[in-house]
Structures are given as structure tokens and as C-alpha cells.
Number of protein chains: 2
Amino acid sequence: MTANLNPHISVDCVIFGFDENELKALLINRDPSEDPASSGKLKLPGDLIIRGEVLIHAAERILAELTGLHDIYLKQFGIFDDPGRLDSSDDLKWLQERSGLPVERVITVAYYSLIKIDKRIPTDLSIAYNAQWYPCSSIPAMIFDHNMIAESGLDTLRREMLTEPLCFELLPEKFALNQLQRLYEAILGCSLDNRNFRKKIQRLPYIVPLNERQNGVRHKPALLHVFDNEKYISIKKDNTVFII
Amino acid sequence: MTANLNPHISVDCVIFGFDENELKALLINRDPSEDPASSGKLKLPGDLIIRGEVLIHAAERILAELTGLHDIYLKQFGIFDDPGRLDSSDDLKWLQERSGLPVERVITVAYYSLIKIDKRIPTDLSIAYNAQWYPCSSIPAMIFDHNMIAESGLDTLRREMLTEPLCFELLPEKFALNQLQRLYEAILGCSLDNRNFRKKIQRLPYIVPLNERQNGVRHKPALLHVFDNEKYISIKKDNTVFII
DNA sequence: CCAAAAGTGTTTCGTATACACCCATGT
DNA sequence: ACATGGGTGTATACGAAACACTTTTGG
């Protein structure tokens, strides 16, 4: 917990989830006594890496501690290395205490993470960390340069969504086509023609319809689909790009 | 030159140039007395960062020292952080000497760089650093994990070429359309239909024909074109992706 | 029977693809 | 005059976009 940390490098995670037709990010509040929106204590989940720890493992560790989830999509998207990025914050002190070492300069490696929000995060963990989902359209102020990191992560996600099948990481295993469409609309910030969208998707051989429908909805239940990753990979080889 | 370095973080550059219809990378040989191909002393241009130095400045510094060039396209594409990446190499000793500090673990941040090979690198610099261009299709063995870094840089370039106007960073300011085509063919490793390629390019408003032709060639001289970056940026806003 | 979302086809337009010959220059 | 790469046009096929109504369920 102390001298085992590498005080030069940290990892921060921008954790995205799709909920109620909105893209949200999971932020934590280090000071539960204060109002999260105004306290300035909100931050991205993150930590110094452990000596000898590979960055991706640090990111997985942070995710697992916070959410209890493993096997989550993680993608490194940037490094934030402004030498002054930790200045003018008493959170610097916290880092010093945590590492037990003088903290001169910390560069942070940023990952974005996509989670299926239906795998509910255990409530006790959310409470322990004061974790909460905030709509990406209105992320409150955070400490350090974390707002910049979150923005950059969102930009990257928007861009990479267009060429990689990331959307399925954000949806339940079995999803309705209209759910997929609303996800695209939420992330890209535009609206899409329903008929054309469905035609395009249904042509893709790696999106396979099940013999199963939604239930418990008070309208015509949608046919469920799954994403077949093996099929996707085998097709991708020749025509490198995922287009939806 | 010594205690001023940060012994935890380095920057390595994969420098690409397009020459004689081939994509090449600029490698350096730290031991001029040996045959570069077999000595195992080849490496990517790189260095530890200076204390307090921003990563991109370190990359710019490395490029300027090696090539004498400024204002070069640089893009960070990855971090190489395997704790064992420097093991089993006597180059580790060199790093220790250079920094004057015990080197425990160095993570390296990798940039790729695109240079117009017609801006010839001053010969004295190439000699001082033993720098040499090697075709990307047959890059010799290098120290550390530098082969992996170079491969990864090439992959990234191939991918990003498809959605960003990077090609013009590799061509002379004024270029012929067929040069552009050969560049694409070299990087993508495929051949393109000449007529269709020209049609597609000529539709793009940010590729502007000049009233000027090649000279000194012993065939019909090609009309020269330039890439208008301002125009590109203004158009890009709405339809986010560069497609060729 | 009403509310709510699922699901469905056709036409039009533009871009992608395939393909073979003449042109301008230097030597 | 010839060798070398530059430059051009058309026909076909395919995917993108625009557009409005019917269907199925739960309450």
C-alpha cells in the first residue's frame, strides 16, 4: 500500500456505460461528506502503478477494485504529462502519503473502458468508493486535469466507434436493433433513419438474430440479437474497417 | 547530459519517409565500427526525457538533433512498458551511464514521425548518428523491443492513413497524383486503379492543381498539386473522416 | 381500444468498379 | 523514333438516402 508504488506513473480510467439512452461516465468522489457536484472532489478512478506492474494490469486492478468486474474492454488512449498537471491541488499531498515517497512529477496513462451497465455494479462497492454515473453531456468539474482526460477519452471513443465494433461492449449480450441504434445516436450525437439503419445492420453477418424476444415490455417486443465476434474477426481480415 | 534526465521515461521515434516508391524508416547504429545489419546495434532514435520535459518536446528534440528538422509531423501511438523490456542487453548499461542514475525500469512512449524525404537530412548529421534509411518491408533486428515498436508504428500508420490526410506529410509540397497513388500502394500494400484513383482525388476540393509541371523528366511531365490544409479542416468539420 | 415502440419496401441518386488507349516529353 | 510514365471516358453495379404506415404487445 505504500513503498510498493511507483510514484512516477499513474493510470486513470474513463469508464463508460450506456443507460437510459444516454452515455455516462463513472466518477468517484473522494470526500463523501461533501456535495459531489460542488466539492471539487470528483475524480476519475485511477491510481499510481505498482512497482513492476504493467500498465494494463494497473487499469484492470483499478476497474476490478471499483466495480468488481473482470474481462472488461480497456483501451489506452493517451498520456497526460504536463509537468504542472498536479499542481495547485491538495490531492497532491494525498499521492505523497499514498506512495510514501516524494512525488515530483507523475505522468498518467489514460484508458477508456466500456462496460455493460446491466452487469450492475455491486452497491457496496459503489458506496465504498462513492462512485456515481454522470451523463457525458454534463460532466461536473473534477480535480487535476481529469476533465481534459475525460473529454479526450470521449473524443477517442467517438472516433474509434466508427471503425471498430465497440458498441457491443456497451450493450447487454442480447440486444435489440433499436437499442443499438439509440446507442449510436447517443454517442455520435445525431439521429439515424430507422429503416436504413436496420437494413445496414441486418446485412452484417456477424450480427445474428436469435429466436428470442424481449419480455415484460408493454409494446411489441423486439427480436434480440447477439454480436458474433469470431465471425467478425474472420471477415475483418480482408476489409479492415468496421462500418455501420 | 547526466543528472538532468528522468530515468523512468523515454521516448522513441519511428521516423518514416517515402523514397523510390518505398516506405522507409530511419534507424541509427550506435556502433559505427560494426556492420549495421549484423551487429545488433541498430535502434530507433530515442532518449530518456529530461526532468520536467513534456513528452512531445522530447520527441521534437530527438528529431531535431538527428535530422536538423523542425515542424515535423509527430504522433504518439503507444507506450511500451513491459518491465523486462530492457533486460538482457548491454545497452542498459549505456542508459545508466547516460542518466548517471540507477535505471530500474524505463517505460517508453513511442511516436511515429512523417518526413518529406526531399528535405534531405544534412549528411553530417546522418554520419554523426550513423543514421540510415531501411525499407519497412525488411527492417533488420534492433535492440530492446524496438522491432516491436517499429511494427506497431507501421500498423498505426496504415490504419490512420485511412482516416487522416497523413500522406501529404510524406510527399514533397508539390506532388504529382501518381506519386500520391504510389505512396498509397506502398503503405497499404495493394495496387489501385489509376483512373479511378485520379477521379476520386480530383473531386476533393482540398487537393488543388497548380499551373506547374514536373521538369527534367524524360516523359510527359505531370501536373503538380498541393494539399490545402485550411480547406481540409473547414470541410472536415461536418463529415469527420478522410477517405481516399 | 389505446399507448408505445417494433418492424417493413421502393425509388432515386451518387459513388465504386472495371476496363484500354492516346499524349507529351527527353534522349 | 522510341521509351517512359502521364493522362483520359463510359457503362454497370451497388450501396446510401429519403420517405410513412402497419403490427404486436401490455395495460
Side-chain angles (χ1 to χ4, degrees), chain A residues 18-22 161-163 171-172 174-186 188-226 235 238-244, chain B residues 18-22 118 161-163 171-172 174-186 188 190-226 235 238-244:
Chain A
F18 181 62
D19 190 30
E20 297 169 21
N21 296 340
E22 249 189 330
M161 279 275 293
L162 299 173
T163 57
L171 292 176
K174 302 174 181 183
F175 56 88
L177 297 187
N178 289 350
Q179 258 182 301
L180 182 63
Q181 183 181 342
R182 283 190 296 268
L183 173 54
Y184 268 91
E185 291 175 334
L188 303 179
C190 62
S191 72
L192 302 169
D193 180 272
N194 179 251
R195 273 179 288 190
N196 292 333
F197 183 84
R198 297 174 70 89
K199 262 181 292 181
K200 210 161 18 175
I201 298 297
Q202 284 167 329
R203 260 205 308 274
L204 302 174
Y206 42 82
I207 293 182
V208 308
L210 303 174
N211 293 321
E212 197 177 335
R213 290 181 172 271
Q214 291 177 312
N215 53 13
V217 291
R218 67 175 211 241
H219 54 75
K220 178 169 174 176
L223 194 65
L224 296 174
H225 294 68
V226 293
I235 285 168
D238 359 287
N239 85 344
T240 328
V241 177
F242 177 84
I243 301 272
I244 222 152
Chain B
F18 181 62
D19 190 30
E20 296 170 23
N21 296 340
E22 247 189 332
D118 66 335
M161 279 275 294
L162 299 173
T163 57
L171 291 176
K174 301 174 180 184
F175 55 88
L177 296 187
N178 288 351
Q179 257 181 301
L180 182 63
Q181 182 180 343
R182 284 191 295 268
L183 173 54
Y184 268 91
E185 290 175 334
L188 302 179
C190 63
S191 71
L192 302 169
D193 181 273
N194 179 251
R195 274 180 288 190
N196 293 333
F197 184 83
R198 296 175 70 90
K199 262 182 292 181
K200 209 159 21 172
I201 298 297
Q202 284 167 329
R203 261 206 307 275
L204 303 175
Y206 41 83
I207 293 182
V208 307
L210 303 173
N211 292 322
E212 197 177 333
R213 292 182 172 271
Q214 293 176 312
N215 53 12
V217 290
R218 69 175 210 244
H219 53 75
K220 179 173 175 177
L223 194 64
L224 297 175
H225 293 69
V226 292
I235 285 168
D238 0 286
N239 85 345
T240 327
V241 178
F242 177 85
I243 301 271
I244 223 152

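This one's a predicted model, so the numbers in the text were calculated from it and none came from an experiment. Note on naming: letters A, B, ... go to the chains in the order of the sequence lines (proteins, then strands), and numbering restarts at 1 for each one.
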Identify whether any heavy atom of A:Arg203 sits under 4.0 Å from a base atom; if not, whether one sits that close to sugar-phosphate; answer base, sugar-phosphate or nothing.
sugar-phosphate

Only counting residues at least two apart or in another chain, list the ones meeting side chain to side chain contact (heavy atoms under 4.5 Å, CB included) with A:Leu192.
A:Gln181, A:Tyr184, A:Glu185, A:Cys190, A:Phe197

Which nucleotide in the set D:dG7, C:dA5, D:dC19 lies at the smallest distance from any side-chain heavy atom of A:Asn178?
C:dA5

With B:Asn21 via side chain to side chain contact (heavy atoms under 4.5 Å, CB included) - residues at least two apart
B:Phe18, B:Arg182

Which is true for B:Leu177 with a 4.0 Å heavy-atom rule: it touches a base, it touches only sugar-phosphate, or it touches nothing?
nothing

Would you indicate which nucleotide in C:dC19, C:dA6, D:dG6 comes nearest to any side-chain atom of B:Asp193?
C:dC19

Show me the protein contacts with nucleotides 20-23 of chain C, counting only N or O atoms at under 3.5 Å.
{"unit_1": "C:dA20", "atom_1": "N1", "unit_2": "B:Arg195", "atom_2": "NH1", "d": "3.4"}

Which sits closer to the 5' end of DNA chain C, A:Gln202 or B:Pro221, going by the nucleotide each is nearest to?
A:Gln202

Counting C-beta onward and ignoring hydrogens, is there a side-chain heavy-atom pair between B:Leu204 and B:Ile235 closer than 4.5 Å?
no

Non-neighbouring partners of A:Arg195 that pass side chain to side chain contact (heavy atoms under 4.5 Å, CB included), sequence neighbours left out
A:Asp193

Non-neighbouring partners of A:Arg218 that pass side chain to side chain contact (heavy atoms under 4.5 Å, CB included), sequence neighbours left out
none

A:Asn196 side chain: which of C:dG9, C:dA18, D:dT4 is closest?
C:dG9

Could you check how far CZ of A:Arg213 sits from P of D:dT23, rounded to whole Å?
15 Å

Restricting to side chain to side chain donor-acceptor pair (under 3.5 Å), what partner residues turn up for B:Lys174, sequence neighbours left out?
B:Glu212

